[in-house]
Protein chains: 2
Amino acid sequence: MLNFKFKNTTDIRFGEGRIDSELHEVIAQFGNNVLLTYGGGSIKKSGLYERVLKALDGLNVTELSGIEPNPKIDSVRAGQKLVKENDIDVILAVGGGSVIDASKVIGSAKFYDADPWDLVLDPSKRHSINQLPIVDILTLSATGTEMNAGSVISNPETNQKLGSFGPNTPAVSFLDPTLTYSVSKWQTAAGSIDIFSHLTEQYFDKAENIDITRGQMEGIYRSVIKWAPIALQDPENYDARANLMWASTQALNGWVRVGNENGWTVHPIEHELSAYYDITHGVGLGILTPRWMKFVLSAETLPRFAEFGRNVWGINNDNDQVVAELAIQKTYDWVKSLEVPTTLPGVDITDDKHFDVMAASAVKVGNLATGAYVAMTPADVRGLFEQSMTTDGFED
Amino acid sequence: MLNFKFKNTTDIRFGEGRIDSELHEVIAQFGNNVLLTYGGGSIKKSGLYERVLKALDGLNVTELSGIEPNPKIDSVRAGQKLVKENDIDVILAVGGGSVIDASKVIGSAKFYDADPWDLVLDPSKRHSINQLPIVDILTLSATGTEMNAGSVISNPETNQKLGSFGPNTPAVSFLDPTLTYSVSKWQTAAGSIDIFSHLTEQYFDKAENIDITRGQMEGIYRSVIKWAPIALQDPENYDARANLMWASTQALNGWVRVGNENGWTVHPIEHELSAYYDITHGVGLGILTPRWMKFVLSAETLPRFAEFGRNVWGINNDNDQVVAELAIQKTYDWVKSLEVPTTLPGVDITDDKHFDVMAASAVKVGNLATGAYVAMTPADVRGLFEQSMTTDGFED
């Protein structure tokens, strides 16, 4: 159990109906000039946009819409212009991970006078400048951005999709599970797999004897495994949406990382897929994760897999190897049960033309040669991509 | 899953050796005038006192020592005098729950001009005034005070032991597991039982479908159950001390309470025992808890006990009633394995002369008639005390 620091000051407002009564006061504490950010307009269809504007009555609202999934640096550039021109005091991000991620970097870009892609390329730059407070209203349970300092920003010109960490987590996050009732099966599945993957990146860690953290993760895992299929079939099930939303937050607010040693593996590999093919991040993770598990399973990692199988999947068997292999198959089955593709051809990736350059980039960006749970070479990563072309190795 | 708010800004510095390098800067950010609070002098024996003074070199240090277990309002009164006279900017509490609890109320008392017992009696008073920042160095894993806003203060003149909640959690908490190496078996056991009890008060709750929170608690439970006996037998086992310390914090920082409905039961009952007999809080909890579990077990609560038995104690049995009863016996066995008394006569409470007045007070203070997981009358509480006089009902 390594030494660690933990501090997370985000003010969580969880539950139905808080926006109408609490949002105005929450925003107004930071000033009168608000940048309202959102995505493709689904918040207008759902009526949320009207509710938000009503709550903001009396404040000066500037809007930035059209922030896309896998948010692009161009949205940040547009936001930078607006926050400077309108002397914005606070950003209200209404949406999923993409809107909130972009808003965080825009919050830094107000205090930076050059191209904000610099801020993504050089993490130290964001920590040397101020950041506008971010208030968010989450509409998709997935990335955990609602209670962490991270963003993932894409640059289509350079085929880069990079993590960027600012100095602050959101000031206030409104988590209303009913706002996710309208999330599609596809996005519900992708978000749930993203949460599962966040846990996996942190559960499979070299650190020993951090039983509390791992035990907590096992509880979150079980909840996601249980409630994701229910949310798919019964989209207005409050308990399903509430557990997924809180799981999203818990899985990536730093809490279950404490005491850990190594970095992440599947995310940087998936980021290559999303950067080259713009596929849905969670779906990419669902394809890669079971293959990655097979890759890392060894005599050395067997005890962790056995724990995973018994405490997460409830497998009752005395043979660790049997438990481990069954746990990997169950992971595959769960992804498949969420009605998303389990191979790369399923997301229209049908040839290997970018595999080598993607593999090399994943190893470099993700520091997989030295910082991973199990080290990976570019050839190893290419192997994962190749294995993801078919269902071989799994009962399908 | 009820609506909830969650915000906890405590800055956690976990691990060995941080004090020497980080304490000065942490304290100095708040000002130069420091009130150093501690207990009976064990920190002088251990050398911690010298390390702390060295780290505080250059700051103006006033000391308040002698804060006792079950801290008394007189210590708060003495502290109030010192913080006012010396225009204290920040309180550094070095010790266990008692020292930190008292320091929090002293932090409020600086801004109050009458008897600080008023602040304990009327919670709203503390929220209407300022509070000095508290920095603590924890030396006992138990109460969770290191990351919450609560204190428990006793008034021997009135036989009252009351909870008091201020506006802020500690600003910074240093959690160094090695500082608990010297904690006695008795205190290690009592602290571990206290953690177990905090989980129990929150796990047995009427709220349905808060799977994430319950799943997290199950992980913390298993860790405490596993590591407490190891810490008893091998007091310098870092992993044991680290898991217990982090469990202490996790069990009572608000995290595992979110979405819950009802109040606590065993704590207010135990507070009567400590108030009348000054017994060790955790030992009292260990005596009462298995009897309380028997009292609340019913057809209605059976599903929760079955979950508790399977997910916390790992009991493999298809019969819920069998699982529940075995889980209660295992709870009793675990307390006993920690080498503490399991009956009231074991802590020298040998007659029932105060039982009626204690029972009436517990119901009133704890709001047990309407706010508990299972309602309790004074007669029910008296029954718990009576059952605690012998080992009847348990395999001992």
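Below, chains carry the letters A, B, ... as their sequence lines are ordered, and counting in each starts from 1. As the structure is a prediction and not an experimental result, all values here were calculated from the model.
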Exercise for the section: Name the region of B/M217, side chain, backbone, both or neither, that has any atom closer than 4.5 Å to a heavy atom of chain A. Expected result: neither
Practice task
Could you tell me which of B/G219, B/G314, B/P177, B/A242 has the largest number of non-hydrogen atom pairs under 4.5 Å with chain A?
Solution key: B/G219
Problem - Part of B/V258 lying under 4.5 Å from any heavy atom of chain A - result: side chain
Problem - Proximity breakdown for B/I210 and chain A, heavy-atom pairs closer than 4.5 Å - result: backbone
Handout entry: Check: A/F4 and B/I12 side chains under 4.5 Å, non-hydrogen atoms
Key = yes
Between chain A and chain B, donor-acceptor distances below 3.5 angstrom:
from   : atom 1 : to     : atom 2 : distance (Å)
A/N3   : OD1    : B/E16  : N      : 3.2
A/N3   : ND2    : B/E16  : O      : 3.0
A/F4   : N      : B/F14  : O      : 3.0
A/F4   : O      : B/F14  : N      : 2.8
A/F4   : O      : B/R18  : NH2    : 3.3
A/F6   : N      : B/I12  : O      : 3.0
A/F6   : O      : B/I12  : N      : 2.7
A/I12  : N      : B/F6   : O      : 2.7
A/I12  : O      : B/F6   : N      : 3.0
A/F14  : N      : B/F4   : O      : 2.8
A/F14  : O      : B/F4   : N      : 3.0
A/E16  : N      : B/N3   : OD1    : 3.2
A/E16  : O      : B/N3   : ND2    : 3.1
A/R18  : NH2    : B/F4   : O      : 3.3
A/N209 : O      : B/N243 : ND2    : 2.7
A/N209 : ND2    : B/D239 : OD2    : 2.8
A/D211 : N      : B/N243 : OD1    : 3.2
A/D211 : OD2    : B/K226 : NZ     : 2.7
A/D211 : OD2    : B/W227 : NE1    : 2.6
A/I212 : N      : B/N243 : OD1    : 3.4
A/Q216 : NE2    : B/Q250 : OE1    : 2.7
A/E218 : OE1    : B/R222 : NH2    : 2.6
A/R222 : NH2    : B/E218 : OE1    : 2.6
A/K226 : NZ     : B/D211 : OD2    : 2.7
A/W227 : NE1    : B/D211 : OD2    : 2.6
A/D239 : OD2    : B/N209 : ND2    : 2.8
A/N243 : OD1    : B/D211 : N      : 3.2
A/N243 : OD1    : B/I212 : N      : 3.4
A/N243 : ND2    : B/N209 : O      : 2.7
A/Q250 : OE1    : B/Q216 : NE2    : 2.7
A/Q250 : OE1    : B/W255 : NE1    : 3.1
A/W255 : NE1    : B/Q250 : OE1    : 3.0

